[in-house]
Amino acid sequence: MDVRQTLHDLVASAILAAFGDTISPEDASALAIVEMPRDQAHGDLATSACLKLARPLRRNPIDIADSLTMYMEGVAKVELPGLLDDIEVVAPGFVNFHLGLAFFRELLKTISKGGYGSSEIGAGTRINLEFVSTNPTGPLTVAHGRQAAVGDALAHILEHAGYEVSREYYLNDTGGQIRMLGASVYSHYAEAAGGEYPLPENGYKGEYIDEIGRELFEKEGDALLSLPEDAAIEQVGRHAVDKIVAWIKADLEAFRVRYDTWFSQKTFEESGEVAALMERLRRMDLVYEKDGAVWMKVSEYGDEKDRVVVKSDGSYTYRTPDIAYHENKFARGFDSLIDLLGPDHHGHIITMEAAMKALSHPVENFHGLIVQFCSLWRGEEKLKMSTRAGQFVTLREVCDEVGIDATRYFFTARKTDAPLEFDLELAKRQSMDNPVYYIQYMSARLSGVIETAGRDERFAGEIHDGLFLPGEIDLSPLGAEEEPVLRMILALPSVIEKSAQALEPHRLCGWLYDLACLFHHYYAHCRFVSQDAAASRARLYMASALKVLLTETLALIGVSAPEKM
RNA sequence: GCGCCCGUAGCUCAAUUGGAUAGAGUAGUGGGCUUCGAACCCAAAGGUUGCAGGUCCGAGUCCUGCCGGGCGCGCCA
């Protein structure tokens, strides 16, 4: 069992033993939070439960801590031999736990088996994670790239925390934008085919529009010109969507992002579920007519005002199928829905929350998450972007220029609700300015160490698949020098849990960086392979276990762990 | 005008959902490769956490009010 859980239970039982007459078991459990202090001097793990107990008990926190500690020392001696070196009480009332070295050595054996850092906090919860979901009217840009990186990392982290996650892309493949796309491409097609059709006023610009139009002419000749314009535009639009969706899928795959479901809005609308939702809203008295349109009473559920769901011309607004779509997700059995959206959609999130509430889904089961804009820089120069004007830098271009690993790391490392300044020059620079290489350098060094040991006859026979992990190993040579690295490993499960619960994948990047920092310090001061065979064996075991851990954890954010750089 | 987000070292960002002395990188300064990869390490320096109050044993974090920036406020998506 996880140490934090063990100590949490110990603290909780101590609270009950000493103050069970006034504190309920539920409160004791809630208060017995055990965390890693920032400063190692404050122990490996610590609890502030006594400070929180001081008020309800109307007693001095130090006194409380003393009585809990006395109880815990007695229990630990009998039931948890070797786990704790010391329990200390420190003003103003913290209780600090110091773990024994034997515990840390065992930790290495645990991580060498793989799967370390996972937990069960999400067990039994099915999450639908929708991200990117950009209109298929153009290639993926860097802005979408950030959503892709954050969404995929979040999905991995949630899975690591025990949730069952389904990744979903909502394909907005019908409606006004698609018609506009069709008209824009048709204009280029007509030109190539010797006909004429003006580019719509707010039409899509950009070379790819022209490219699709010309290609279509090469394939179909001028056949489409003989169709009525409406029919031709619709057909061209469908063709363009297919083409662009294929680009998007290929770009995402290259970016190491895969989906479980591509959900077509067009197919969905044709299924009749949107109409069924409207019927339900009427039955529930959640809509009314005004000015020839149908409005939903979302203002009663937290939105600023009521919103139109059916326009006066009889067509739906964009939010109507979207509400039905979210209903559909719940109907498919998901307990919780997460949407990643751009900052220009936060009004929509509030409407969706209200709509979900109106349809009696608890608000905590719907999370609309804003992924802030990403502005691109090339050194001092800020690059201007606008999809509509055809001025943008695609995700693929960025990946080609700076590499997938660096791109994914940069996108994930920042808090998602904060704008991101992405400097191509910096991301590309293979120097110490660049955190992703700093972390990957740890991987390369670990591989180098094991490679060196492979040329040493004392160890060569026990290295398999680049790892030295013999079944029998004496780790007692590992001591104080290794402890900072081992301590950092101890923190991973709580980092994963907190990233998952707060939906903040950037925390994991911070942990990876901190781990690499401690490792490089260790590497600069201690040799893995030396004359001392016993010490070398123990350290090689540690190197191998770390390599397993690092590779797995980098994979959660879609970054590779190279053997050479 | 209303709503949401942001404001931390010169710059780019952290800070374990209210914990202990606010930390990294970068730029600049000084030092370290005869041994596993120097894409690294070590040292010093850098701060009134936008401002002012409040709650609390404890506030960068929570509440109120200002200042400054971004986004949204459509029968567009």
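- The separation between A/M488 atom CE and B/rA24 atom C1' is 12 Å, rounded to whole Å.
- The partner of B/rC62, taking Watson-Crick or G-U wobble pairs whose two distances both stay under 3.5 Å, is B/rG54.
- Between the side chain of A/N96 and the base of B/rA20, a donor-acceptor pair under 3.5 Å is found.
- Candidate nucleotides B/rA14, B/rG72, B/rG19 were compared by shortest atom distance to the side chain of A/H506, and B/rA14 ranks first.
- Residue contacts shown for A/A46 include a base, since a base heavy atom lies under 4.0 Å away.
- Residue-level contact check: A/A418 touches neither bases nor backbone, having no heavy atom under 4.0 Å from any strand.
- Between the C1' atom of B/rA39 and the CG atom of A/D405 lies a distance of 14 Å, rounded to the nearest Å.
- Of the side-chain N and O atoms in A/T134, none sit less than 4.0 angstrom from OP1 or OP2 of B/rA77.
- Evaluation of A/F94 against the base of B/rA20 yields a stacking contact (centre distance < 5.5 Å, interplanar angle < 30°).
- Taking the six-membered ring where tryptophan is involved, the planes of A/Y438 and A/Y513 are essentially parallel, since the angle between them stays under 30° and well short of 60°.
- A/E451 and A/R455 are joined by a salt bridge, as a carboxylate oxygen and a charged side-chain nitrogen come within less than 4.0 angstrom of each other.
- Regarding contacts with the backbone of B/rA77, a side-chain N or O of A/K311 is found under 4.0 angstrom from either OP1 or OP2.
- Taking the six-membered ring where tryptophan is involved, the planes of A/W295 and A/Y288 are essentially parallel, since the angle between them stays under 30° and well short of 60°.
- A salt bridge links A/E497 to A/R4: at least one charged side-chain nitrogen sits closer than 4.0 Å to a carboxylate oxygen.
- At the phosphate of B/rA20, OP1 or OP2 sits under 4.0 Å from a side-chain N or O atom of A/R38.
- Using a 4.0 Å heavy-atom cutoff across all strands shown, A/S494 reaches no nucleic acid atom at all.
- When the P atom of B/rC71 is taken as reference, atom CD1 of A/I349 falls 17 Å away, rounded to whole Å.
- Judged by closest nucleotide on RNA chain B, A/V90 is the one of A/V90 and A/V310 placed further toward the 5' end.
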Short N/O separations, protein against nucleotides 41-44 of chain B, under 3.5 angstrom:
from, atom 1, to, atom 2, distance (Å)
B/rC41, OP1, A/Y438, OH, 2.4
B/rC41, O3', A/H521, ND1, 3.3
B/rC42, OP1, A/H521, ND1, 2.5

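- Stacking is found between A/H42 and the pyrimidine-like six-membered ring of the B/rA20 base under the 5.5 Å centre-distance and 30° plane-angle cut-offs.
- A donor-acceptor contact under 3.5 angstrom links the side-chain atoms of A/Y318 to the base of B/rA77.
- Distance CZ (A/R55) to P (B/rG18): 17 Å, rounded to an integer number of Å.
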Please determine whether side chain to side chain donor-acceptor pair (under 3.5 Å) holds for the pair A/D405 and A/Q440, giving the CA-CA distance in whole Å, both sets of side-chain angles, and the decisive distance to 0.1 Å.
CA-CA 9 Å; A/D405 286 332; A/Q440 289 186 313; 3.0 Å; yes
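- Side chains of A/R539 and A/Y522: a donor-acceptor N/O pair is present below 3.5 angstrom, by distance only.
- Between B/rC75, B/rU35, B/rG3, one nucleotide has an atom nearer to the side chain of A/R527 than all others, and that is B/rU35.
- Counting to the nearest Å, the P atom of B/rA20 and the CG atom of A/L45 are 16 Å from each other.
- Phosphate contact (OP1/OP2 of B/rA39, side-chain N/O of A/Y437, threshold under 4.0 Å): absent.
- With B/rG3, B/rA14, B/rG19 as the candidates, the nucleotide lying closest to the side chain of A/R414 is B/rA14.
- The partner of B/rA43 is B/rU29, judged by Watson-Crick or G-U wobble contacts that both fall below 3.5 Å.
- Taking the six-membered ring where tryptophan is involved, the planes of A/F459 and A/F468 are perpendicular, since the angle between them exceeds 60° and thus also 30°.
- Across all strands shown, A/A502 has heavy atoms under 4.0 Å from base atoms, whether or not it also approaches the sugar-phosphate.
- Taking the side chain of A/V449 as heavy atoms from C-beta on, and the options B/rA14, B/rU21, B/rC36, the nearest nucleotide is B/rC36.
- Ring to ring, A/Y441 and A/H520 are close: their centroids are under 6.0 angstrom apart.
- Contact annotation for A/R319: no contact, since no heavy-atom pair falls under 4.0 Å across all strands.
- Using a 4.0 Å cut-off, some side-chain N or O of A/K305 falls inside it from OP1 or OP2 of B/rG74.
- The nearest whole Å value for the distance from the CG atom in A/L420 to the P atom in B/rG70 is 18 Å.
- Base contact: A/D291 has a heavy atom under 4.0 Å from a base atom.
- Candidate nucleotides B/rG19, B/rA39, B/rC56 were compared by shortest atom distance to the side chain of A/M565, and B/rA39 ranks first.
- Contact annotation for A/E563: base contact, defined as any heavy-atom pair under 4.0 Å involving a base atom.
- Looking at heavy-atom distances under 4.0 Å, A/H345 makes contact with a base.
- Taking the ring centroids of A/F268 and A/F263, they lie under the 6.0 Å cut-off.
- A/C50 comes within contact range of no nucleotide atom at all, as no heavy-atom separation falls under 4.0 Å.
- Summarising the base pairing, B/rU48 is matched to no nucleotide, lacking a Watson-Crick or G-U wobble pair whose two defining distances lie under 3.5 Å.
- Backbone-only engagement by A/P419 is indicated by non-hydrogen atom pairs under 4.0 Å involving sugar-phosphate atoms exclusively.
- Within the 4.0 angstrom heavy-atom criterion, only backbone atoms of the sugar-phosphate kind lie near A/P343; the bases stay farther away.
- If you check B/rG19, B/rC75, B/rA39 against the side chain of A/K52, the one that comes closest is B/rG19.
- Residues A/H348 and A/D322 bring a donor and an acceptor atom of their side chains to less than 3.5 Å of each other.
- Ranking B/rA39, B/rC5, B/rC75 by closeness to the A/T317 side chain, first place goes to B/rC75.
- When distances are taken from the side chain of A/Y523 to each of B/rA24, B/rA15, B/rA38, the shortest belongs to B/rA38.
- In a base pair of the Watson-Crick type (N1 to N3 plus N6-O4 or O6-N4) or a G-U wobble (N1-O2 and O6-N3), with each distance short of 3.5 Å, B/rA20 is matched with no nucleotide.
- The residue among A/Y316 and A/L51 whose nearest nucleotide of RNA chain B lies closer to the 5′ end is A/L51.
- Of the candidates B/rG37, B/rG72, B/rC57, B/rG37 carries the atom nearest the A/A444 side chain, counting heavy atoms from C-beta on.
- Remark: of the listed residues A/I233, A/V241, A/I209, A/I209 is the sole one forming a side-chain contact (heavy atoms from CB on, under 4.5 Å) with A/V185.
- For B/rG72, its base never sits under 3.5 Å from the side chain of A/H348 at any donor and acceptor pair.
- The two atoms that bring A/G368 and A/I349 nearest to each other are C-CD1, 3.7 Å, heavy atoms only.
- Under the Watson-Crick or G-U wobble criterion, with both distances below 3.5 Å, B/rG37 has no partner in any strand shown.
- Summarising the base pairing, B/rC76 is matched to no nucleotide, lacking a Watson-Crick or G-U wobble pair whose two defining distances lie under 3.5 Å.
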